[in-house]
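Reviewing the structure listed below.
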Amino acid sequence: QLARRSRGSDIVLLDSLHRLEDSIGAPMSQLPDRIKAALLCLGGWDGRCYGDRQVVEWLCGDSYDQISAQILADASDPSGMLFTADEKFRLLAPERAWRRFSHLVTGQLVDNYRDLIELALTDDDPIAELSGTDRWMAQFRGEKQEFSDSLRRYTLDSLALAASLPHSLNRSDIDSEFFDGVVRSVLDQASIRRWISLGRQLPMLAEVSPTAVLEAIESGLQLDGTFRRLFAGGECDSFSGAPHAGVLWALERMAWSPLLLSRVCSILVRLDGISGDLKVTNTPGNSFTETLSVYLPQTAADTNDRRQTIQQLLQNGPANTWGLVLSLLPNSKRFRMVRSKPLWRDWAQGWSRHRQTCNLREEIVWLVDQIVGHVGDSCDRCIQVLNLYDKIPSNTYVKFVDAMRSRVADIGWSEDECRRLWETINLITVRLDFLTRELAEEDESCVVANSPGNPQPKPNVRAHARYARLR
């Protein structure tokens, strides 16, 4: 994480490891002030791209050929602002550069900076909605975006950094309204091509203005079928990836924030409800499960905030909410890994995968109580809970079976529902019968193997209790 923030500057990385806070900053570039300010906003670009060179000329106020010699000299200077390789340039130690040179950014440059962001991020990919042979043919014909990926990536990265330092910059013209306005202008009534084109830039765009990104997604869910088409599913191109991935990455990035957790989870539940047959593991349901998982919640929100979010969703969420909450229970078949954290925002501050906010068993018991409490009169939900006989505490399971036994005559299920319920109970009973016999044999073998001085092991009563109730 520190290496990513240092962007290739070993001096800044070492200072960060030593926890040294230098308000002056490491870069001591000899470039003219107007070029320093322009490079501060740009963040990076590809010198081989004609569109990128035009942008550099526009911001610096001079031809690219005239300023290229100064830029190359700065990149070769150990104390310079830039790093270059393969004619690509990027800003070294951007955080310290912003703190040191932000006073050089003039009001006119701020206006140009806004125009640059809108121009670069609204440069939609002409092959974004194509796949298979059509995509290959379009690439063969040379259809591509006007600006390079480097320009979009580093310019947006620089914008997100500035958004995380509003008070340190002491600039009245670069405030939260400025960042919200930029993002809204990019995502206002965005088409499906715009969402796919932004793709990898969406997580960083969420760091610039999470409010504007959430508003755009919620608006897209309400007004038209953009997101229904985006999450329609089907086969994914191996070289283009899933078209909906960028939206999920942005939501996962914002889910680290305790203040944004409830709103993000609500959107994930709605997206799961409209998703088609997605052929990838990157789905709204999996993003929801990873965020609020009992075993490894990937959010900086504490236990109370996570519980409050789950309760609100169960009470006010759509019908698919219950099934998603059910998936939060520990599952040995699920592969767990920590996803990307915010680069510039402090949303994940204090989070650690080894930190336990409460007892795991206590968390499971609470979650199971919420799940059981919202079964209602649904036969399908009742069957799903019954199938959790090996995953939830024995006393909770027994109480649920007793409650359903006393209500089953009054619910009024159809004959088909009663048949499915009977088949489920019969199957589980057979399994538990086998398990109790197996455990009894193990207990007897342990007794024989033990020495006379050792106490006999207690029989396993958990399976017996479930078995008796279901019988």
Exercise for the section: List the steps, then state whether side-chain contact (heavy atoms from CB on, under 4.5 Å) holds for V247 with L230. Expected result: CA-CA 10 Å; V247 176; L230 192 63; 3.8 Å; yes

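Between the side chain of N320 and the backbone N or O of V269 there is at least one donor-acceptor pair closer than 3.5 Å. Under the 3.5 Å distance criterion, the side-chain polar atoms of Q222 are left unmatched by any main-chain donor or acceptor of S219. Side-chain atoms of H374 never come within 3.5 Å of backbone atoms of D369 as a donor-acceptor pair (strictly under, hydrogens ignored). A donor-acceptor distance shorter than 3.5 angstrom exists from the side chain of Y397 to the backbone of L386, with no hydrogens or angles considered. A donor-acceptor pair under 3.5 Å is formed between the side chain of Y113 and the backbone N or O of L159. A distance-only check finds a donor-acceptor pair linking the side chain of S158 to the backbone of L40 [under 3.5 Å].
Crowding of E415 atom CD: a count of heavy atoms from other residues, nucleotides or ligands under 6.0 Å not exceeding 12.
The residues D302 and R306 are annotated as not salt-bridged, no charged nitrogen and carboxylate oxygen being separated by less than 4.0 angstrom. A salt bridge links R419 and D416; the closest N-O separation between the charged side-chain nitrogens and carboxylate oxygens is under 4.0 Å.
F89 meets the ring pair (Phe, Tyr, Trp, His ring centres under 6.0 Å) test with W45; sequence neighbours excluded. For N316, there are no side chain to side chain donor-acceptor pair (under 3.5 Å) partners at least two apart in sequence or on another chain. Contacts of R263 classified as salt bridge (Lys or Arg N to Asp or Glu O under 4.0 Å), with partners at least two apart in sequence or in another chain: E218. Listed by chain and number, the residues in a salt bridge (Lys or Arg N to Asp or Glu O under 4.0 Å) with D402 are R405, R469 (sequence neighbours excluded). Shown here are the side-chain contact (heavy atoms from CB on, under 4.5 Å) partners of N387, two or more places apart in sequence or in another chain: I383, T424, I428. E146 pairs by the salt bridge (Lys or Arg N to Asp or Glu O under 4.0 Å) definition with nothing, not counting sequence neighbours. When the salt bridge (Lys or Arg N to Asp or Glu O under 4.0 Å) test is applied to R200, no partner is found at least two apart in sequence or on another chain. Partners of L427 by side-chain contact (heavy atoms from CB on, under 4.5 Å), not counting sequence neighbours, listed by chain and number: R431.
Here ring-ring contact (aromatic ring centres under 6.0 Å, His included) pairs that include residues 193-214, with residues two or more places apart or in two chains, are W195-F227. Screening residues 248-287 for ring-ring contact (aromatic ring centres under 6.0 Å, His included), with sequence neighbours left out, gives W256-W351. Residue pairs meeting the side chain to side chain donor-acceptor pair (under 3.5 Å) criterion with at least one member in residues 117-126, sequence neighbours excluded, are E118-S185, D124-R194.
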Got a list of side-chain donor-acceptor pairs under 3.5 Å for residues 205-217, not counting sequence neighbours?
residue: E207; atom: OE1; partner: W344; partner atom: N; Å: 2.9
residue: E207; atom: OE1; partner: R345; partner atom: N; Å: 3.2
residue: E207; atom: OE2; partner: R253; partner atom: NH1; Å: 2.6
residue: E207; atom: OE2; partner: L343; partner atom: N; Å: 2.9
residue: S209; atom: OG; partner: D180; partner atom: OD1; Å: 2.4
residue: S209; atom: OG; partner: A212; partner atom: N; Å: 3.3
residue: E215; atom: OE1; partner: R184; partner atom: NE; Å: 3.1
residue: E215; atom: OE1; partner: R184; partner atom: NH2; Å: 3.2
residue: E215; atom: OE2; partner: R184; partner atom: NH2; Å: 3.4

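With contacts defined as side-chain heavy-atom distances shorter than 4.5 Å, the pair Y295/L328 does not qualify. Proximity of L198 to V186: side-chain heavy atoms (C-beta onward) are separated by under 4.5 Å at one or more points.
Between the side chains of S262 and Q312, at least one donor-acceptor pair of N or O atoms lies under 3.5 Å. A side-chain donor-acceptor contact under 3.5 Å links Q145 and R152. With 3.5 Å as the limit, one finds a donor-acceptor pair spanning the side chains of T291 and R339.
Closest of all the heavy-atom pairs between P284 and F231 is CG-CE2, 3.7 Å.
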